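What follows is a set of notes on a single structure, which appears directly below.
The structure displayed is predicted, hence computed values, not measured ones. All ligand and atom numbering here is 1-based and tracks the order in the structure. Side-chain atoms are counted along with the backbone in the values below, which use heavy atoms only and exclude waters and symmetry mates. Numbering of residues begins at 1 and proceeds along the displayed sequence.
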Amino acid sequence: MHDWPFFDEEHRAFAAALEAWLAKANVLDDERKADASCRAWVRALADGGWLRACVPGIYGGLRADLDTRTLCLARETLAYRSALADFAFAMQGLGSAPIALFASAELQRRYLPNVVNGRCVTAFALSEREAGSDVAALATRAQRDGETYVIDGEKAWISNAGVADLYVVFARTGAEGARGLSAFAVDAATAGCSAGKRVETISPHPLGGLRFERCRIPASQRIGDEGDGFKIAMGTLDVFRSTVGAAALGFARRALDESVAHARSRRLFGATLGALQLAQGSIAAMATDVDASALLVYRAAWRKDLGAERVTRESAMAKWFATEAAGRVCDRAVQLFGARGVTRGEIVERLYRDVRALRIYEGASEIQQVVIARQVLDVSS
Ligand code: COS
């Protein structure tokens with residue numbers, strides 16, 4: 001795949017070097033110790049220089065601007081090996097992207113070098129209990145008070161809640177609806193900002209609520225202008241939805257490779273599993289899902305890197321297709337492995353759990369369909 005025309009020599013070298021580094025990396029990777037594992041991965045990825053993919057060149061990044069293909073290659077390669085490695089990398093990218101893409105040079109200078117060296121762990125605090133898919137309905141308020149804002153409200157299902165040093169928080173500064181939202185960089189240590197209830201999921205990673213109670217921050221911590229919050233969130237997601245597709249691709253590719261090895265070696269009815277036509281049908285469907293996902297993911301990333309102003313449609317297609325496809329691929333892998341497939345400790349059992357949340361976070365599959373249809377019909381946004 002890396003010989004596809006979407007990539008240049010730097011991309012190919014990056015993916016090969018990351019693969020080689022991962023093969024030797026000795027990092028805590030235990031879902032029963034998810035927080036410690038994530039911290040360990042952030043440190044290791046920083047030390048290896050891989051977080052340089054998350055920021056622009058002047059702050060220590062790999063290329064002058066954020067490069068979506070590099071982010072996607074990183075997530076695909078990391079997800080192939082470990083969900084927690086992918087999570088640690090993805091959150092450094094998603095949590096800092098609103099700053100890299102939309103913030104003042106002052107905020108960029110303050111945070112981005114520490115994102116690269118792993119000292120600043122980041123989080124993207126958008127969702128609320130009553131505002132997940134319907135972002136424009138969020139209720140957390142940021143009230144202007146002189147040269148400060150006072151934030152009050154609660155966020156839900158925030159990855160890295162309680163672990164992050166920096167939260168990019170979306171809050172209402174104006175009237176109802178999308179135009180009343182603004183974005184802020186909030187240091188986790190700010191008085192009035194605290195982690196709420198922890199959430200345990202089928203593929204464990206740091207996740208929980210956040211509480212803001214009279215949390216006062218300088219007005220200079222605002223990202224972009226007042227009222228820009230919704231577009232900042234959507235602009236960030238336009239980049240990161242392709243990377244979610246890329247992570248799905250990494251999980252699916254691993255499930256396919258594990259299944260192929262199994263189909264070649266498992267013997268039954270006097271032959272290998274791979275000699276059975278029904279198993280071949282499964283392998284064919286998996287391989288086609290993997291290739292189709294890769295094409296949509298890297299098409300979206302390539303168009304963004306080429307300078308397309310909006311890749312809303314392409315990134316929504318990439319995320320929707322690749323995450324649904326990964327669900328199908330991992331389910332088929334479990335089926336091919338039989339009883340082993342549902343046994344704790346087996347790779348395909350873990351992959352089956354790892355891929356499920358991808359169809360929900362950063363815009364559920366149903367939201368991606370709405371986004372795609374609106375773009376195709378040209379009815380809104
Ligand atoms: N880039 C830039 N601007 C965008 C945009 C994008 N990708 N998408 C929408 N906008 C703009 C629109 O052009 C519109 O601008 P104007 O007010 O100037 O006309 C404004 O933002 C509002 O857009 P829209 O009317 O589409 O808003 P909706 O409330 O209808 O949004 C969806 C609908 C469903 C698309 C949005 O709420 C969404 O993506 N939800 C899922 C959120 C999500 O991913 N949650 C997970 C949290 S992160 S784990």
Number the atoms of ligand 1 from 1 as they appear, then name those within less than 4.0 Å of a heavy atom of [X], with their elements.
{"X": "Ala136", "answer": "29 (O)"}
{"X": "Leu237", "answer": "44 (O)"}
{"X": "Ser133", "answer": "37 (O), 38 (C), 40 (N), 41 (C), 42 (C)"}
{"X": "Gly132", "answer": "42 (C), 45 (N)"}
{"X": "Thr312", "answer": "7 (N)"}
{"X": "Asp238", "answer": "1 (N), 6 (C), 7 (N)"}
{"X": "Glu362", "answer": "44 (O), 46 (C), 48 (S), 49 (S)"}
{"X": "Val371", "answer": "35 (C)"}

Query raised in the report: Is the closest basic N to carboxylate O distance between Glu362 and Lys319 below 4.0 Å?
Result: no

Shortest reach to [atom] by a heavy atom, considering only [options]:
{"atom": "atom 11 (C) of ligand 1", "options": "Met234, Arg241, Glu128, Lys231", "answer": "Lys231"}
{"atom": "atom 21 (O) of ligand 1", "options": "Tyr361, Trp157, Phe124, Phe230", "answer": "Phe230"}
{"atom": "atom 17 (O) of ligand 1", "options": "Lys319, Glu366, Arg179", "answer": "Arg179"}

Using the six-membered ring of [Y], assess whether NZ or CZ of [X] lies under 6.0 Å from its centre and within 45 degrees of the ring axis.
{"X": "Arg222", "Y": "Phe184", "result": "no"}
{"X": "Arg299", "Y": "Trp4", "result": "no"}
{"X": "Arg254", "Y": "Tyr80", "result": "yes"}

Requested in this report: Using distance alone, determine whether Ser127 and ligand 1 share an N or O pair under 3.5 Å.
Outcome: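 By distance alone, the answer is no.
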
Requested in this report: Using a 4.0 Å heavy-atom threshold (strictly under), name the region of Val370 that reaches ligand 1: side chain, backbone, both or neither.
Outcome: neither

Requested in this report: Heavy-atom distances under 4.0 Å are what count here, so tell me which part of Val135 touches ligand 1: side chain, backbone, both or neither.
Outcome: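 Val135 to ligand 1: contacts from backbone and side chain alike.
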
**Report entry** Asp305 side chain vs Thr68 backbone, donor-acceptor pair below 3.5 Å
**Finding:**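 Such a contact is found between Asp305 side chain and Thr68 backbone.
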
Query raised in the report: Would you find more than 12 non-hydrogen atoms of other residues, nucleotides or ligands less than 6.0 Å from Leu278 atom CG?
Result: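 Counting other residues, nucleotides and ligands, CG of Leu278 stays at 12 neighbours or fewer.
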
Query raised in the report: Any chance the side chains of Tyr352 and Glu346 put a donor and an acceptor closer than 3.5 Å?
Result: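 Absent: no donor and acceptor within the cut-off.
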
Query raised in the report: Between Trp50 and Phe14, what is the ring plane arrangement, given parallel below 30°, perpendicular above 60°, and tilted in between?
Result: perpendicular

Query raised in the report: Going hydrophobic residue to hydrophobic residue with side-chain gaps under 4.5 angstrom, can you get from Leu71 over to Leu22?
Result: yes

